[in-house]
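Below is one structure, written out as structure tokens; comments come after it.
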Amino acid sequence: MGKSFVDSRKVTSSVNGKSMLVPSEKRIPKPKKVSSLLRAFFHLLPHPLFSCRGSEPSLDNHPQPGNCVIGTLYGQRKGHVFLAIQDDPKCFPLFILELATPTSSLVKEMASGLVRIALECEKSPGEGKLLLQESTWSMFCNGRKTGYATRRDCTEIDRHILTLVQAVSMGAGVLPMANEGFEGELMYMRARFERVIASADSESFYMMNPDGSEGPELSIFLMRA
């Protein structure tokens, strides 16, 4: 299990050896508007816009089982998409990847109801490096190569974004980020994923539809050759 990601009170956490202040008692902002691109997110998710566990984050919630993780896709409409995977909403991400596709392009792919993202990499020199520690990946979306995805450390902005959506168990929307130096709004989608570890060189993440209901599929595959 990762480090504590956020407290409901004012706390400090260490990231890359630096002490940082975690924002206290953040509330989830309501979306300012719904664009045509975001409707693709809404069709992908069977639940309403915000499906929250409660009005505020709670440290009393039990961690999810090891095969259930939280996945968050976010990015500016004209920028690239970022993927963050967390063991638990209160934990630092297991990893963050900058995907090789613009946010608008990925949203259009998601409108089809079936999205399969494959990430492939070669083994780095040396032994003992975990799959999720690899830094560069070739990315394929629905069978088409879209470029390269890169792993990066969790920044203060990433932590702030994940704090804002911490209480969202499944949903999509926009976040006003003008005060954080972004131009315009930031789009996001958040859901639970089943994590399947096939081997030390192969993992996959499958979006979980609530209550076993049928719905669109989003799958992410990581493979190392």
Side-chain angles (χ1 to χ4, degrees), residues 2-3 5 15-16 40-41 44 66-89 91-110 114-124 129-166 168 170 172 175 177 180 182 186-208 217-225:
K3 299 178 183 178
F5 181 71
V15 179
N16 295 334
F41 274 146
L44 183 66
N67 64 342
C68 180
V69 297
I70 304 295
T72 308
L73 291 160
Y74 57 95
Q76 292 180 278
R77 187 172 304 156
K78 296 182 180 180
H80 284 184
V81 181
F82 294 91
L83 168 67
I85 298 291
Q86 298 168 274
D87 269 330
D88 181 271
C91 294
F92 283 97
L94 293 171
F95 68 97
I96 296 179
L97 290 178
E98 181 177 358
L99 303 181
T101 184
T103 305
S104 57
S105 298
L106 182 60
V107 172
K108 290 177 182 177
E109 290 282 355
M110 295 175 111
L114 176 62
V115 177
R116 292 179 178 174
I117 297 174
L119 299 165
E120 299 179 356
C121 72
E122 297 181 354
K123 287 187 178 181
S124 300
K129 195 169 189 179
L130 298 177
L131 180 63
L132 299 184
Q133 293 177 335
E134 297 290 352
S135 59
T136 305
W137 305 76
S138 296
M139 177 176 168
F140 300 82
C141 184
N142 285 345
R144 297 186 299 273
K145 186 171 183 178
T146 57
Y148 294 92
T150 55
R151 183 182 183 275
R152 75 172 196 181
D153 293 332
C154 182
T155 66
E156 187 174 0
I157 291 296
D158 294 318
R159 294 172 61 244
H160 178 59
I161 292 169
L162 295 174
T163 300
L164 290 177
V165 299
Q166 181 183 351
V168 179
M170 175 171 275
L175 298 171
M177 300 292 289
E180 285 73 23
F182 285 83
L186 183 128
M187 305 169 65
Y188 78 91
M189 188 198 78
R190 188 167 169 89
R192 297 191 184 280
F193 287 77
E194 180 184 6
R195 181 185 183 186
V196 178
I197 302 176
S199 70
D201 298 317
S202 178
E203 291 191 26
S204 53
F205 299 87
Y206 302 92
M207 190 179 76
M208 301 171 63
E217 297 180 16
L218 171 60
S219 305
I220 302 169
F221 305 91
L222 293 88
M223 293 159 284
R224 178 168 58 186

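In this chain, residues are counted from 1 in sequence order. No experiment lies behind these values; they were computed from the predicted model shown.
- Going from atom CG of Leu222 over to atom CD1 of Ile85 covers 8.5 Å, rounded to the nearest 0.5 Å.
- With sequence neighbours left out, the side-chain contact (heavy atoms from CB on, under 4.5 Å) criterion links Leu130 to Gln133.
- Ser202 meets the side-chain contact (heavy atoms from CB on, under 4.5 Å) test with Ala198, Ser199, Met223; sequence neighbours excluded.
- In this structure Thr146 satisfies the side-chain hydrogen bond (donor to acceptor under 3.5 Å, both in side chains) test with no other residue, sequence neighbours excluded.
- Partners of Tyr148 according to the ring-ring contact (aromatic ring centres under 6.0 Å, His included) rule, which considers only residues two or more places apart in sequence or in another chain, do not exist here.
- By the salt bridge (charged side-chain N to carboxylate O under 4.0 Å, His left out) test, Lys123 pairs with Asp201, sequence neighbours left out.
- For the residue pair Thr103 and Arg77, no side-chain donor N or O sits within less than 3.5 Å of a side-chain acceptor on the partner.
- Within a 6.0 Å radius of CZ in Arg116, no more than 12 heavy atoms belonging to other residues, nucleotides or ligands are found.
- Phe221 pairs by the ring-ring contact (aromatic ring centres under 6.0 Å, His included) definition with Tyr206, not counting sequence neighbours.
- Within the model, atoms CG of Asp87 and CG of Leu94 stand 4.0 Å from one another, a figure rounded to the nearest 0.5 Å.
- Heavy-atom minimum distance, Met170 versus Ala191: CE-CB, 3.7 Å.
- Residues Leu131 and Ala200 come closest through the heavy atom pair CB-O, 3.6 Å.
- Remark: Glu134 engages Ser124, Arg224 in a side-chain hydrogen bond (donor to acceptor under 3.5 Å, both in side chains) (not counting sequence neighbours).
- Residues that satisfy the side-chain hydrogen bond (donor to acceptor under 3.5 Å, both in side chains) test with Thr101, not counting sequence neighbours, are absent from this structure.
- Under the side-chain hydrogen bond (donor to acceptor under 3.5 Å, both in side chains) criterion, Arg152 pairs with Asp158, sequence neighbours left out.
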